[in-house]
Amino acid sequence: MLYIMRHGKTEWNKIEKLQGSVDIPLNDEGILVAQKAHDKYKEIKFDICYCSPLIRAKKTAEIFLEGKDTPIVIDDRLKEMSFGEFEGSVGYFNNPENPISKLFTDPESYTSVGGSESLEHLAERTLSFLNEIAYPLHKEGKSVLIVCHGALGCSIISHIKNTPVSDFWDNLMGNCELVKLL
């Protein structure tokens with residue numbers, strides 16, 4: 001089995017501040033939601049967890065897997081998409097004057113701007129992770145959990161579902177939502 005989960009909420013999620021690769025911790029709500037997910041899915045056994053190096057994902061994985069013998073392996077390819085100089089911006093989604101808004105409103109015509117990561121690069125690193133780690137373990141019959149981020153999770157799910165770039169955000173998971181991929 002192959003599962004994916006997005007990290008719990010942070011203060012930046014709460015105020016719709018663009019996080020990207022900035023290392024923001026979980027807030028109290030994020031911790032609580034991770035604990036609820038732990039209780040809700042306690043019967044599912046995972047052989048291994050691969051996790052983003054960012055603290056919000058690592059802490060989510062630790063809370064979610066508490067009391068289980070599931071090893072957590074950090075993989076830099078699971079780090080959230082970088083939004084370059086736009087990280088920390090508020091109102092990025094509905095502000096057409098903010099160049100990063102194109103990523104969220106029209107991903108098909110988005111081009112990397114201000115040091116942000118392109119969707120193509122994000123797709124390359126997530127596919128690399130899937131091909132080198134996730135798919136081989138799945139083929140061996142292992143139950144694998146991936147704990148990551150919004151855009152990163154959309155990229156992984158897009159590969160598996162063969163989602164067109166125009167529908168990239170249709171794959172967005174809620175915080176601490178567990179999705180079975182394979």
Side-chain angles (χ1 to χ4, degrees), residues 2-27 29-30 33-34 50-61 74-134 145-181:
L2 181 60
Y3 295 88
I4 190 167
M5 175 181 275
R6 182 180 173 197
H7 64 78
K9 275 195 175 181
T10 68
E11 284 304 310
W12 282 26
N13 287 133
K14 189 175 176 180
I15 60 173
E16 296 182 353
K17 196 171 187 178
L18 192 57
Q19 291 179 103
S21 57
V22 177
D23 208 1
I24 306 299
L26 296 176
N27 63 14
E29 181 184 356
V33 172
Y50 282 88
C51 185
S52 161
L54 298 178
I55 192 69
R56 59 192 182 266
K58 287 193 309 190
K59 187 67 176 173
T60 299
I74 302 302
D75 193 305
D76 285 340
R77 291 173 290 189
L78 298 176
K79 192 173 187 179
E80 178 60 303
M81 182 178 190
S82 172
F83 302 114
E85 67 187 52
F86 301 101
E87 292 193 6
S89 63
V90 179
Y92 56 90
F93 185 79
N94 292 315
N95 181 0
E97 295 189 22
N98 184 334
I100 206 81
S101 73
K102 183 75 92 180
L103 171 64
F104 300 97
T105 58
D106 186 13
E108 207 168 26
S109 54
Y110 170 72
T111 55
S112 177
V113 60
S116 65
E117 186 174 10
S118 69
L119 282 173
E120 293 80 16
H121 185 263
L122 179 65
E124 286 173 14
R125 69 182 167 96
T126 54
L127 187 58
S128 165
F129 172 79
L130 287 169
N131 286 336
E132 293 172 22
I133 304 289
L145 171 64
I146 301 166
V147 179
C148 59
H149 307 273
L152 190 287
C154 285
S155 183
I156 287 176
I157 295 169
S158 291
H159 284 301
I160 291 171
K161 289 185 172 181
N162 206 17
T163 306
V165 174
S166 59
D167 298 330
F168 182 81
W169 295 106
D170 290 354
N171 296 317
L172 185 63
M173 301 171 287
N175 295 102
C176 291
E177 178 183 356
L178 183 66
V179 175
K180 184 177 174 184
L181 298 172

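Count residues from 1 along the sequence.
- Note that the NZ atom of Lys102 and the OG atom of Ser116 stand 13.5 Å from one another [nearest 0.5 Å].
- Not less than 6.0 angstrom separates the ring centroid of Phe86 from the ring centroid of Tyr92.
- For the side-chain contact (heavy atoms from CB on, under 4.5 Å) with Trp12, the lone residue among Val22, Val90, Leu18 that qualifies is Val22.
- Asn175 places a side-chain heavy atom less than 4.5 Å from the side chain of His7.
- Residues Ser52 and Glu80 bring no donor and acceptor atom of their side chains to less than 3.5 Å of each other.
- Within 6.0 Å of CD on Glu132 lie more than 12 heavy atoms contributed by other residues, nucleotides or ligands.
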_Stepwise side chain to side chain contact (heavy atoms under 4.5 Å, CB included) check, Ile55 with Lys58_ = CA-CA 5 Å; Ile55 192 69; Lys58 287 193 309 190; 4.2 Å; yes
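- The side-chain heavy atoms of Leu122 and Phe168, taken from C-beta on, include a pair separated by under 4.5 Å.
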*Please step through side chain to side chain contact (heavy atoms under 4.5 Å, CB included) for the pair Leu103 and Met81, ending with a clear verdict.*
CA-CA 11 Å; Leu103 171 64; Met81 182 178 190; 4.0 Å; yes
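- A distance of 10.0 Å separates OH in Tyr3 from CG in Leu181, rounded to the nearest 0.5 Å.
- Residues Asp75 and Ile146 fail the side-chain proximity criterion, which asks for heavy atoms closer than 4.5 Å.
- For the atom pair CG (Leu2) and CD1 (Ile133), the distance works out to 12.0 Å, reported to the nearest 0.5 Å.
- Ser128 places no side-chain N or O within donor-acceptor distance of the main-chain N or O of Glu124, the cut-off being under 3.5 Å.
- Side-chain contact between Arg125 and Leu152: present, with at least one pair of heavy atoms (C-beta onward) separated by less than 4.5 Å.
- Asn13 CG to Glu29 CD: the interatomic distance, rounded to the nearest 0.5 Å, is 9.0 Å.
- Counting heavy atoms from C-beta on, the side chains of Lys79 and Leu54 come closer than 4.5 Å.
- Atom-to-atom distance recorded for Thr60:OG1 and His149:NE2 is 9.0 Å, nearest 0.5 angstrom.
- Annotation: the span from Cys51 atom SG to Met5 atom CE amounts to 11.0 Å, rounded to 0.5 Å.
- The backbone N or O of Ser82 lies less than 3.5 Å from a partner atom in the side chain of Glu117, making a donor-acceptor pair.
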